[in-house]
Amino acid sequence: MDTRNEKQKILIVDDSEMNRSILADMLGEEYEIIEAVDGTEAVARLNIDSTDISLMLLDIVMPNMDGFEVLEVMNKRDWIQDIPVIMISAENSYSYVERAYELGVTDFINRPFDGMVVHRRVINTIMLYAKQKKLVELVADQIYEKEKSNSLMISILSHIVEFRNGESGLHVLHINMLTEILLRRLMKKTDKYNLKRSDVFLISTASALHDVGKIAIPGEILNKPGKLTKEEFEIMKTHTLAGAEMLDQIPYYREEALTKMAYQICRWHHERYDGRGYPDGLKGEEIPISAQIVALADVYDALTSVRVYKPAFTHEKALEMIVNGECGTFNPLLLECLAEESETIRDQLRQNSIKQESERNTRNIAESLLEYDEISASERTLKLLEHERTKYQFFASLSQDIQFEYTSEPPMFTLSEIGARMLGLDEIIINPQEDKRVSMISNEKMVEEIKALIYESTPEKPIVQCDGEVLINGEWCWSRVICRSMWSSEETPVMTGCIGKIIDMHKEHAKLEELQRKASHDGLTGLLNHSHAEMIVREKLLEEKDRDYIIVIFDIDYFKNANDRCGHMFGDKVLKHIAERLLSSTRKYDITARVGGDEFMIFMEDRKDIEGIIDRIFHALSGTYEGFDITISMGIARSKEVGHAYEVLFNCADWALYNAKKNGRAQYFFYDDSMKEVLSAISSIDGEE
């Protein structure tokens, strides 16, 4: 049986047939020998099967292409990282040897050589690289698993924002991908910004948090389908400062490179190269290059994606709009990068996925290590693990969950920093089964249940969860423990441990309630927003047609004066005052909402004494607030007169309000059919004029 394919391959490059023959005779029994007569043939061989070559024996002085030129090609094409080179030459001057090592050779042997020395050095070199490759593969597998978890955390954080403003769930992944492509092109074009390969990964990762400040923006502004008013746009612009402030207030990781980079991007990704951006009006190179690139990526993805206020533009149209300055001014160098990478961007967006994102991030980490050629394999591993630890802790601090890892051999329980603090335990606990502190954080029944679930899991169904009480910050909290079992990669999988997190369900319910409240309530007054109130009213009108209801629409007379004389902050205080008076003068099951601006709505059941109730509410809302006289114009429509259709009821109340204003303001009118005739006449006169 031929076993030559099972042997490791050695490429011997020497213009002397005798030298090649001697080396082949020495090594041929243990290795498969490939020969090249000069550097040109060697490079051709590497082009064909560089991944299968375990070692190269290289001469220096050769025709056509010498040994140094071969090494230069191997460096340019990154072959030198994977193929060890032993240089064998009679040229042994210090300058030759020094240059050979500078170009990446593993060893240098003088000719004439001792056969046993060559044999031993070949074996040692191949064994060393085999071990390093195995270590790299091991670390890469670990990084890949970490990257999947990190991508999930990034996705969760971004979806919190995107859930509120209706953007595509791929927006953050697109920004990450676009940022990386533009950065790589920029590094090839110029060294002006002193960017390193490790910066590509750092900036791309930090870009995921560029819009985290939108959490603080009211939902009705984020999701408004039409153009924002000047006041609404001013509020929208504050998301840059809100996001930067969130990152600046992270208690334990403010000085981490990832946090600082995310701060720059959050705060300045809406600055423009001509100084017409916000929030600080930075100009040109005053804007950090990270924020410049994310700004361009953000604009491109916004143009090519569907938004509540616009359809998606084509790739070509988006590029045209950006280059023509229709979306602001950008760094000319970055516009060149965008044009040069146009095809790559279009192709990548068509096939982008979370899995590809993880693989690209893994590749970025590996490439960043190549900047440190002098670092040993073990030091590279330590740097990788430290990098992962920093990123893991950063995302853990944002999620506020208790994240942990358990390994069975050796038995060890590892907690995130914030998790250790919340549970009152050390970050690393050896032999957790024997540590009484671990058993005290939960009841025995829950511990046994989660253990059983973990050991009953399979590689096909590795995720389990269990609910119960956990001692968090000194208090028993109803919590959910979610674990993913870890398995060996052997033919017969063996349980090695698990990773997971403990979620305080009280906090989760509170977060959910807060998100729901922000989605349904006006951020300034605390009343229902118009869209949510409309949904409730429609349901009532459809389900309870046997009952009579009224809709009241009112606004504040001459409210503009409050803003003009005392400023918008005072105007906001007036609106809050009106909301408080409205709540105190209506019943808890009446529906009160801010329609928009200074316009409000009340929906309540129609009763015999409804006119007295309306009069009481009308006068309760009128009066003086901090020297500002408040009067109200109000219109009311009754379902028993106009029907249960929401649009008709709302419009009739609006017509009654319009009538109140036309008749001098500071009064309320109930809708009747005569109003519609009057309004139609007024409209026709206005049209003629």
Side-chain angles (χ1 to χ4, degrees), residues 138 142 145-146 148-150 152-153 156 250-253 256 381-382 385-386 388-459 461-490 493-511:
L138 175 64
Q142 292 176 346
E145 290 302 317
K146 294 280 188 183
K148 285 199 292 187
S149 298
N150 288 332
L152 176 61
M153 297 174 79
I156 290 171
I250 292 176
Y252 299 103
Y253 305 103
E256 295 287 353
T381 303
L382 289 174
L385 295 177
E386 177 61 22
E388 287 304 303
R389 183 194 67 82
T390 300
K391 193 167 65 168
Y392 167 75
Q393 290 182 338
F394 172 72
F395 288 121
S397 70
L398 290 179
S399 71
Q400 296 292 302
D401 291 329
I402 301 171
Q403 299 179 16
F404 64 86
E405 181 173 354
Y406 171 75
T407 56
S408 56
E409 289 296 334
M412 185 163 53
F413 188 59
T414 306
L415 284 159
S416 60
E417 185 175 331
I418 189 170
R421 192 168 62 253
M422 292 169 72
L423 294 178
L425 299 173
D426 299 330
E427 287 187 46
I428 299 177
I429 299 172
I430 308 297
N431 293 323
Q433 301 94 329
E434 300 175 9
D435 195 314
K436 292 182 178 179
R437 296 173 303 164
V438 176
S439 61
M440 289 174 61
I441 65 173
S442 185
N443 60 65
E444 185 176 347
K445 181 181 177 182
M446 183 181 181
V447 172
E448 292 304 317
E449 184 177 351
I450 198 68
K451 278 184 183 178
L453 288 170
I454 290 172
Y455 282 99
E456 288 171 5
S457 63
T458 64
K461 294 183 179 179
I463 299 174
V464 298
Q465 69 178 41
C466 175
D467 293 348
E469 288 191 310
V470 177
L471 192 62
I472 301 176
N473 291 324
E475 296 183 3
W476 288 102
C477 302
W478 189 258
S479 305
R480 174 164 295 161
V481 181
I482 304 175
C483 299
R484 187 199 189 282
S485 301
M486 308 294 288
W487 301 83
S488 69
S489 57
E490 301 167 7
V494 177
M495 171 72 70
T496 60
C498 67
I499 57 174
K501 65 180 179 179
I502 303 171
I503 304 172
D504 183 344
M505 299 306 291
H506 296 302
K507 283 187 177 180
E508 289 302 304
H509 289 151
K511 289 178 187 176

What distance separates [X] [atom1] from [Y] [atom2], expressed to the nearest 0.5 Å?
| X | Y | atom1 | atom2 | answer |
| --- | --- | --- | --- | --- |
| L415 | E405 | CG | CD | 10.5 Å |
| I402 | R421 | CD1 | CZ | 10.5 Å |
| L425 | R437 | CG | CZ | 6.0 Å |
| R484 | Q465 | CZ | CD | 15.0 Å |

Requested in this report: Could you walk me through whether S479 and I472 pass side chain to side chain contact (heavy atoms under 4.5 Å, CB included), step by step?
Outcome: CA-CA 9 Å; S479 305; I472 301 176; 3.6 Å; yes

Just so I know, are the side chains of [X] and [Y] near enough to count as touching, which here means a heavy-atom distance under 4.5 Å?
| X | Y | result |
| --- | --- | --- |
| Q403 | I418 | no |
| C483 | I450 | yes |
| V470 | W476 | no |

Minimal non-hydrogen separation, [X] against [Y], with atom names:
| X | Y | result |
| --- | --- | --- |
| L471 | M440 | CD2-O, 4.2 Å |
| M446 | G468 | SD-CA, 3.5 Å |
| V464 | L453 | CG1-O, 3.6 Å |

Report summary line: By side-chain contact (heavy atoms from CB on, under 4.5 Å), K445 pairs with (sequence neighbours left out) N443

Requested in this report: For residues 416-448, pull every pair meeting ring-ring contact (aromatic ring centres under 6.0 Å, His included), keeping only residues two or more places apart or in separate chains.
Outcome: none

Query raised in the report: ring-ring contact (aromatic ring centres under 6.0 Å, His included): which pairs involve residues 413-447, sequence neighbours left out?
Result: F404-F413

